[in-house]
Q: 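Below you'll find the structure I mean.
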Amino acid sequence: MWTRKKSIYLSKLCVIEFIILLVGLIATAPWLVNLFLSFSRAPLQGTKPYFLATIYIGAVPAAILLYSLLKLLEHIELGAVFIEKNVTYLRHISWACFAGALIAIASSFYYIPWVFIAIAAAFMGLIVRVVKNIVGQAVELKNESDYTI
Amino acid sequence: MPIIVNLDVMMAKRKMSSGELAEKIGISQANLSILKTGKAKAIRFSTLEAICEALKCQPGDILAYEKQD
């Protein structure tokens, strides 16, 4: 039977898989970029350093995002959902998305399709920000409820 | 908060311990401590009623307003 615990476990597993993917991406970035450039039909001669820079710089917010997501899931697993720390993690996730969007938009000068990544990341950041605002209000309500005798 | 809880004073007047009061009004000692130390954000009418009944006093004997600068 599908339970809340199994659902959280699955989410944590997915986040860990993404962390492994990120580490793999960082480790194999030069090879992956070479592979992409050899397959791409777009005129991308001499853009390998730019692609590598985008990947390495983009890995920083991605790592922050994944770490925050993992910690958030750990708190949810322990039953601590509406706490101030989770609002902080959601804020970090949101800013990591916006940082990713900025990196992607800056990278669009040498490869236009980065714009789509930037839009998607900014949109995701916006959604997380709204969720963060809701959780923030819920934390306040919970505090008030906890301290109503 | 400018609302002061004078529960300690009333308890001392009635010579009632925290454990005894908590048991009489049906709340945990931890919650009573939150109330006594002024950490509470709100008090239910039902709790106030139970406290007044147990301590034989009026709400004004327990709660006071003190203007803050």
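Not measured: the values here are computed from a predicted model. Within every chain, numbering begins at 1; the chains are lettered A, B, ... in the order of the sequence lines, protein sequences first and strands thereafter.
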Q: Taking atom types as modelled, which donor-acceptor pairs link chain B and chain A at under 3.5 angstrom?
A:
residue, atom, partner, partner atom, Å
B/K41, N, A/Y147, O, 2.7
B/A42, N, A/Y147, O, 3.4
B/A42, O, A/I149, N, 3.0
B/R44, N, A/I149, O, 2.9
B/T47, OG1, A/I149, O, 3.1

Q: Linking Ile, Leu, Val, Met, Phe, Trp and Tyr by side-chain heavy atoms under 4.5 Å, what else ends up with B/V9?
A: none
Q: Would A/F82 end up clustered with A/I93 when hydrophobic side chains under 4.5 Å apart are linked, directly or stepwise?
A: yes
Q: Checking one residue: A/I134. Which other hydrophobic residues are in its cluster under the side-chain 4.5 Å linking rule?
A: A/V130
Q: Any chance CZ of A/F39 has more than 12 other-residue heavy atoms, nucleotides or ligands included, within less than 6.0 Å?
A: no
Q: Would A/I103 end up clustered with A/I55 when hydrophobic side chains under 4.5 Å apart are linked, directly or stepwise?
A: no
Q: Just jot down the side-chain contact (heavy atoms from CB on, under 4.5 Å) partners of B/I25, sequence neighbours excluded, or say none.
A: B/L21, B/I27, B/L32, B/A50, B/I51, B/A54
